[in-house]
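Note sheet for the following structure.
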Amino acid sequence: MWQLKPGNSMAGLRQASLCIALLLSPLVTADVSLPKLISDGMVLQRDTAVTLWGWAAADETVEVRFNGKAIGQAKPANGRWQLKLAAQPAGGPYQLSFHGHNQITLQDIYFGDVWVASGQSNMEMEMARLAEAYPQDLTAANYPLIRQFKVPQHYNFKTPQRDFSSGQWVAASPDTIAEFSALAFYFARDLFNHNGVPVGILNNALGGSPVEAWMSEQALQPFPDALAEGIRFRDDKLIQAVTEADKAKNANWYGDLQQRDAGLNSNTPWYSPALDDSNWASFSVPGFRPEPFIGVWWLRKTVQLTAKQAAEANTLRLGSIVDADEVYINGTLVGNTTYQYPPRRYALPENLLKAGNNLLAVRITATNGKTGLMPDKPYWLGTDNNKLDLTGPWKMHSSAEAELLPGDTFIRWKPLGLFNGLTAPLTYLPVKGVIWYQGESNVGQYEQYQPRFSAMIRDWRAKWAQNSGQQQPLPFLFVQLANYLEKTPQPADSHWAGLREAQRQSLTEANTAMVVAIDVGEWNDIHPVDKKTLGQRLALAARAVALGEDVQYQGPQLLSVQAQGNKLLLSFDQQLVLKPGQSFAIAGSDGEYRWAQVQLQGKQLVLSHAEITAPVQVRYAWADNPDAVLYNSAGLPASPFVYQPK
């Protein structure tokens, strides 16, 4: 500590203070720093020059060394420096070091194929959610050359960001695989097993996001309504006000229910084994309440266990519940979920269960009218290999009713914010291509989707070309929406089918491919578990579109439709395989669709209906949850389509 002592003048003190200030000044001590993407364990795109960049003081010269050999020097401009690393073949591990006032050395660097994995929750969905369906894929996930960089989910409406707040490259192993994007991992695993080339995954997905959130300001220019909404949220005070209003609304709604819930506030709580529930109504699990209900209601069930069952049972599965739940066993809270979609799998504390009677109590909060426990889901207590079935009769009682809970604003889904905050920092690194799974949040406005999605594809390609020298057109592979919701007995209009058609129309963009998913969805879950099949199909598309291999990657494509009297003749580009089910509907000029009789003739289908004398229109798999009946010999499904003569 500097102290004023006899013999030290005030001038000397000022000089010493100035020295200290200079030492602490960012201009003097500003070390070489790197973006989060450029870090230990990273995968860089093979066979293309890679721009390395970072920040440093204005007077600093940054030297970059590759495996100890200097490859060049760079001077900062406006605090930012950059330098090109010559194209490298696939391989590693390598070392990169950066020398200025300080030195940074990065280890374990590989060159391979880097893919942006983007979209909403079906891309974000982690391998942890697949633990029941594919346990071996998690326990055997020893792939040190498949690596993920998980992008932090921070939106920004003001300007494209150049770096992230956090992030690191993580190799796939049994200890890390749970947080990998499931779809991206299966995609990467298939590619790696095919050619042995390291794969980098830039996990850039956020659940619930509409396509507009991923579009830049330039891409949104033709869509002034969406652009204006994004610009509106550049106001920090507006964001704060909306956030606080939503928080207060939810606190009041849930707080009021908490206070009025007799199940929590009675002398004998409804989760207590001591409660007499003999006057409660019967309720069959799974199932939904027959009348709309908003508020809190309870379920109770007593199960008898042997001493062995009580000692071994470690898991409670309650399918999925609409909307939120808190689950008690023998009066102890064992888990809760705050919204509809996640699977209810609750680990049980040791010594909670006992031989004899055990009480299960479920407090359910319903926010929008329809409430219950989803059919065709697992409901059991025990272990994965020894399950006590919990379906059938339970006891049910309502506790507190409420008015409809207004929805939240969900600022993170507003236009522009995710491009600026999540995607823009990625565009400075060359990549092999993009895999995309999104569209569920745009189903309600499916008519707007194709021009916006196509504009986003073109804009992303332009941004990568501008920032990293990525040659256009960047391969863009996307998943068509899976089958979802209940089946309909007769042909009908469908917003889900409309969105799928908009996705199909987006194939007019060059160097794109679409993976069909109408045979791997789940009617009762917007997040189907089978990401393995989709990953395999995406990998086939990547081999064809991005790697230039001669490989079959798509199902039958419609070539032409010809009217022949009371029949329609559909010609395709491949030999057809027709499976049982109703998915082809035809109509005359009146537009009234009816299920067609279908005859298979090699690469052609002949469609007819006894009551339609002059069919002119045809739809295939045009439904929320259609039957997938048309495949090729390789087992790849045809896309849903509609044909209407102009």
Side-chain angles (χ1 to χ4, degrees), residues 115-125 181-184 186-188 190-191 201-207 209-215 219 418-419 422-423 426 431-443 446 448-461 463-464 472-484 496-521 526-528 530-531 533-547 553-555 557 621 636-641:
W115 288 87
V116 179
S118 197
Q120 56 183 110
S121 52
N122 272 305
M123 181 62 79
E124 185 182 17
M125 184 172 169
S181 159
L183 180 56
Y186 283 121
F187 166 77
D190 260 44
L191 287 180
I201 301 165
L202 300 174
N203 184 345
N204 177 44
L206 190 147
S209 53
V211 70
E212 293 85 357
W214 298 101
M215 298 172 69
L418 300 187
F419 174 82
L422 280 68
T423 303
L426 301 177
V431 297
K432 192 65 176 178
V434 176
I435 56 174
W436 175 266
Y437 194 157
Q438 187 276 334
E440 296 91 340
S441 291
N442 289 93
V443 164
Y446 68 88
Q448 302 174 348
Y449 190 77
Q450 186 271 325
R452 299 183 183 206
F453 183 40
S454 293
M456 191 206 81
I457 293 173
R458 293 192 295 269
D459 185 66
W460 280 28
R461 288 170 166 173
K463 294 294 190 297
W464 255 278
Q472 296 188 64
L474 187 69
F476 205 105
L477 320 176
F478 56 94
V479 179
Q480 192 182 46
L481 293 189
N483 49 307
Y484 178 52
W496 282 77
L499 197 287
R500 293 188 195 107
E501 178 66 11
Q503 291 175 309
R504 190 176 74 92
Q505 292 172 359
S506 300
L507 289 170
T508 55
E509 298 298 321
N511 232 27
T512 57
M514 182 179 72
V515 164
V516 177
I518 57 166
D519 58 340
V520 296
I526 201 170
H527 304 122
D530 186 4
K531 296 298 187 287
T533 298
L534 296 184
Q536 293 167 345
R537 292 175 182 174
L538 274 172
L540 284 175
R543 289 171 57 188
V545 175
L547 302 182
Y553 70 96
Q554 57 186 358
Q557 306 293 301
L636 295 173
S639 166
F641 62 81

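Model, not experiment: these values are computed from the prediction.
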(message) Given 3.5 Å as the limit, does a donor-acceptor pair link the side chain of Arg537 with the main chain of Met514, or not?
(response) no
(message) Measuring from atom OG of Ser441 to atom CD1 of Ile526, what distance do you get when rounded to the nearest 0.5 angstrom?
(response) 7.0 Å
(message) Measuring only between side-chain heavy atoms, which start at C-beta, is Gln505 closer than 4.5 Å to Glu501?
(response) yes
(message) Check whether Gln557 reaches the backbone of Gly555 with its side chain - one donor and one acceptor, N or O, closer than 3.5 Å.
(response) yes
(request) Kindly give the heavy-atom pair with the smallest separation between Ala188 and Ile201, and that separation in Å. (result) CB-CD1, 3.9 Å
(request) Could you check if a side-chain atom of Phe478 sits within less than 4.5 angstrom of a side-chain atom of Val434, using non-hydrogen atoms only? (result) no
(message) Quick check: do Asn122 and Lys531 have side-chain heavy atoms less than 4.5 Å from each other?
(response) yes
(request) Evaluate the side-chain proximity of Val431 to Leu426: yes if any heavy-atom separation is below 4.5 Å, no if none is. (result) no
(message) I need the minimum non-hydrogen distance between Asn483 and Arg500, along with the two atoms involved.
(response) CA-NH2, 3.5 Å
(message) According to ring pair (Phe, Tyr, Trp, His ring centres under 6.0 Å), who are the partners of Tyr437, at least two apart in sequence or on a separate chain?
(response) none
(message) Let me confirm one number: the CG-CG distance from Asn203 to Leu183, rounded to the nearest 0.5 Å.
(response) 10.5 Å
(request) Might you point out which heavy atoms bring Ser209 and Leu418 nearest each other, and give the distance in Å? (result) CB-CD1, 3.6 Å
(message) Within the 3.5 Å criterion, strictly below it, is a donor on Trp214 or Thr423 matched to an acceptor on the partner's side chain?
(response) no
(request) Would you check if the side chain of Thr512 reaches a backbone N or O of Thr508 as a donor-acceptor pair within less than 3.5 Å? (result) no
(request) Could you pull out the closest heavy-atom pair between Ala482 and Gly521, with the gap in Å? (result) CB-CA, 3.9 Å
(request) Taking Glu124 for its side chain and Gly207 for its backbone only, find out whether a donor-acceptor pair lies under 3.5 Å. (result) yes
(message) Applying side-chain contact (heavy atoms from CB on, under 4.5 Å), can you list everything that pairs with Asp190, at least two apart in sequence or on another chain?
(response) Gln536, Ala539
(message) Please check: side-chain N/O of Glu509 versus main-chain N/O of Arg458, any donor-acceptor pairing under 3.5 Å?
(response) no
(request) Please determine which of Tyr484, Tyr449, Tyr446 meets the ring-ring contact (aromatic ring centres under 6.0 Å, His included) test together with Trp496. (result) Tyr484
(message) With heavy-atom distances below 4.5 Å as the criterion, would you say the side chains of Asn442 and Arg452 are in contact?
(response) no
(message) Please report the interatomic distance OH(Tyr553) to CG(Leu538), rounded to the nearest 0.5 Å.
(response) 12.0 Å
(message) I want to check something: taking the side chain as every heavy atom from C-beta on, are Asn511 and Val545 in contact at a cut-off of under 4.5 Å?
(response) yes
(request) With the side chain counted from C-beta on, respond yes when Ile435 and Met123 share a heavy-atom pair under 4.5 Å apart, and no when they do not. (result) yes
(message) Using only atom types and a distance under 3.5 Å, with no angle test, would you say the side chain of Gln120 pairs donor to acceptor with the backbone of Gly439?
(response) yes
(request) Give, for atom CG of Leu507 and atom CD of Gln554, the distance between the pair rounded to the nearest 0.5 Å. (result) 7.5 Å
(request) Could you grab the distance from atom CG of Leu499 to atom CD of Gln450, nearest 0.5 Å is fine? (result) 11.5 Å
(message) With heavy-atom distances below 4.5 Å as the criterion, would you say the side chains of Tyr186 and Asp530 are in contact?
(response) no
(request) If the plane angle is over 60° it's perpendicular, under 30° parallel, otherwise tilted; pick one for Phe419 and Trp460. (result) tilted
(request) State, to 0.1 Å, how close Met215 and Ala455 come at their nearest heavy-atom pair, and which atoms those are. (result) CE-CB, 4.1 Å
(request) Over all heavy atoms of both residues, which pair between Gln480 and Pro640 is shortest? Give the atoms and the distance, please. (result) OE1-CD, 3.2 Å
(message) Does the plane of the ring in Trp436 sit parallel, tilted or perpendicular to the ring in Phe476? Use 30° and 60° as the thresholds.
(response) tilted
